[in-house]
Amino acid sequence: MVFFKSRVPAVAASIALCAYVGFQAVLKDRALDYARSRGLQDADIAAHPRAVSPFNWTVYVSDAREHHFAHINLVRDALRNFAPGDGFVAKLDAAFQPLATARWDTRSRYGEGELGKAAWELPPLAFYRWFAERPAFDGWSEQPACAWFLDLRFVNPGRDWVPFRFGACRDAPGAPWRAYERLDGGGSAPLARR
């Protein structure tokens with residue numbers, strides 16, 4: 001009954017929350033320092049916290065053509081191995097690598113040539129250009145012909161599906177382009193007109 005009349009739990013929770021936010025700020029600064037070590041000139045650098053551990057981060061070094069990114073753990077000294085049966089949390093955590101051995105991946109913003117960039121700039125994808133912070137080309141498909149894009153913020157190692165994948169598609173050459181969403185399982189569906 002004493003806790004209902006006391007402010008102690010609220011004050012303790014506020015202090016713990018402030019300490020955690022400060023701790024995350026320190027970790028983000030460390031992740032950004034690591035990303036800056038890539039040495040690219042005129043690059044946009046960002047770091048996003050990831051699941052399972054406050055030490056798991058994805059860092060991005062992006063320029064006008066491509067994104068370089070790595071899934072890192074700020075305190076881990078050795079790789080974590082994942083074996084079937086270890087569980088979902090272990091699967092998510094195992095993908096984050098120690099700083100010394102982190103693997104950098106590269107994804108193009110528009111793919112090869114100018115066609116991907118032209119597809120990205122089509123009016124049906126205006127909403128996605130507004131939404132996507134780290135847009136990357138995700139390939140071409142046929143029936144209908146589509147140029148697909150994803151937002152790298154939602155590429156989480158250990159997860160099999162990437163949400164928020166959209167494309168500019170048309171049924172035939174000369175047909176109007178429409179916005180499509182790539183669905184779980186490999187299908188696609190046109191977005192409703194707004």
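No side-chain donor from either of Thr58 and His48 sits under 3.5 Å from a side-chain acceptor of the other.
Follow the hydrophobic side-chain contacts under 4.5 Å out from Phe88 and you never reach Phe82; the two are in separate clusters. Under a hydrophobic clustering in which Ile, Leu, Val, Met, Phe, Trp and Tyr are joined whenever their side-chain heavy atoms come within less than 4.5 Å, directly or via other members, Leu115 and Tyr180 fall into different clusters. In the hydrophobic clustering of this structure, Phe55 does not group with Leu92; members are Ile, Leu, Val, Met, Phe, Trp, Tyr whose side-chain heavy atoms approach within less than 4.5 Å, directly or through other members. In this structure, Phe96 is not a member of the same hydrophobic cluster as Val155, with clusters built from ILVMFWY side-chain heavy atoms closer than 4.5 Å.
Across all their heavy atoms, Ala132 and Trp120 have their closest contact at CB-CH2, 4.3 Å. Nearest heavy-atom pair, Ala168 versus Trp177, reported as atom, atom and distance to 0.1 Å: O-CZ3, 3.1 Å. A pairwise comparison of heavy atoms in Ile72 and Ala102 identifies CG2-CB, 3.7 Å as the closest pair. Looking at every heavy atom in both residues, Ala119 comes nearest to Trp140 through CB-CH2, 4.5 Å. Contact record, Pro124 with Ala179: O-CB, 3.4 Å, taken as the closest heavy-atom pair. Taking every heavy atom of both residues into account, Lys91 and Gly158 meet most closely at CE-O, 3.2 Å.
Asp93 places no side-chain N or O within 3.5 Å of a backbone atom of Ala90 that could act as its donor or acceptor partner. A donor-acceptor contact shorter than 3.5 Å links the side chain of Asn56 to the backbone of Ala51. Gln97 places no side-chain N or O within donor-acceptor distance of the main-chain N or O of Leu79, the cut-off being under 3.5 Å. Looking only at distances, no side-chain donor or acceptor of His67 sits under 3.5 Å from a matching main-chain atom of Tyr60. In this structure, the side chain of Arg129 engages the main chain of Leu122 through a donor-acceptor pair within 3.5 Å. Between the Asn156 side chain and the Arg159 main chain, no donor and acceptor come within less than 3.5 Å of each other. Put simply, the side chain of Arg178 never gets that close to the backbone of Asp171: no donor and acceptor are under 3.5 Å apart. Distance alone, capped at 3.5 Å, is enough to place a donor-acceptor pair between the Tyr128 side chain and the Phe164 backbone.
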Sequence neighbours excluded and cut-off under 3.5 Å, please list the side-chain donor-acceptor pairs for residues 14-28, or say none.
| residue | atom | partner | partner atom | Å |
| --- | --- | --- | --- | --- |
| Ser14 | OG | Ala10 | O | 2.9 |

What pairs of donor and acceptor atoms, side-chain ones from residues 147-154 against any protein atom, are under 3.5 angstrom apart with sequence neighbours left out?
| residue | atom | partner | partner atom | Å |
| --- | --- | --- | --- | --- |
| Trp148 | NE1 | Ser141 | OG | 2.8 |
| Asp151 | OD1 | Arg134 | N | 3.1 |
| Asp151 | OD1 | Arg153 | N | 3.2 |
| Asp151 | OD1 | Arg153 | NE | 3.3 |
| Asp151 | OD2 | Glu133 | N | 3.1 |
| Asp151 | OD2 | Arg153 | NE | 2.9 |
| Asp151 | OD2 | Arg153 | NH2 | 2.6 |
| Arg153 | NH2 | Phe131 | O | 3.1 |

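At a threshold of 4.5 Å between non-hydrogen side-chain atoms, the residues Asn73 and Pro98 do not count as touching. Between His71 and Val59 there is no side-chain heavy-atom pair separated by less than 4.5 Å. A 4.5 Å side-chain heavy-atom check between His68 and Ser62 finds every atom pair outside the cut-off. Here the side chains of Trp57 and Arg50 are not in contact, with every heavy-atom distance at 4.5 Å or above.
One finds the OG atom of Ser108 at 11.5 Å from the CG atom of Asp138 (value rounded to the nearest 0.5 Å). The distance from the CD atom of Glu112 to the CZ atom of Phe137 is 9.0 Å, given to the nearest 0.5 Å.
Taking the six-membered ring wherever Trp is involved, the centroid distance between the rings of Phe127 and Phe166 falls below 6.0 Å.
Between Arg103 and Asp105, at least one side-chain nitrogen of the basic residue sits less than 4.0 Å from a carboxylate oxygen of the acidic one, meeting the salt-bridge criterion.
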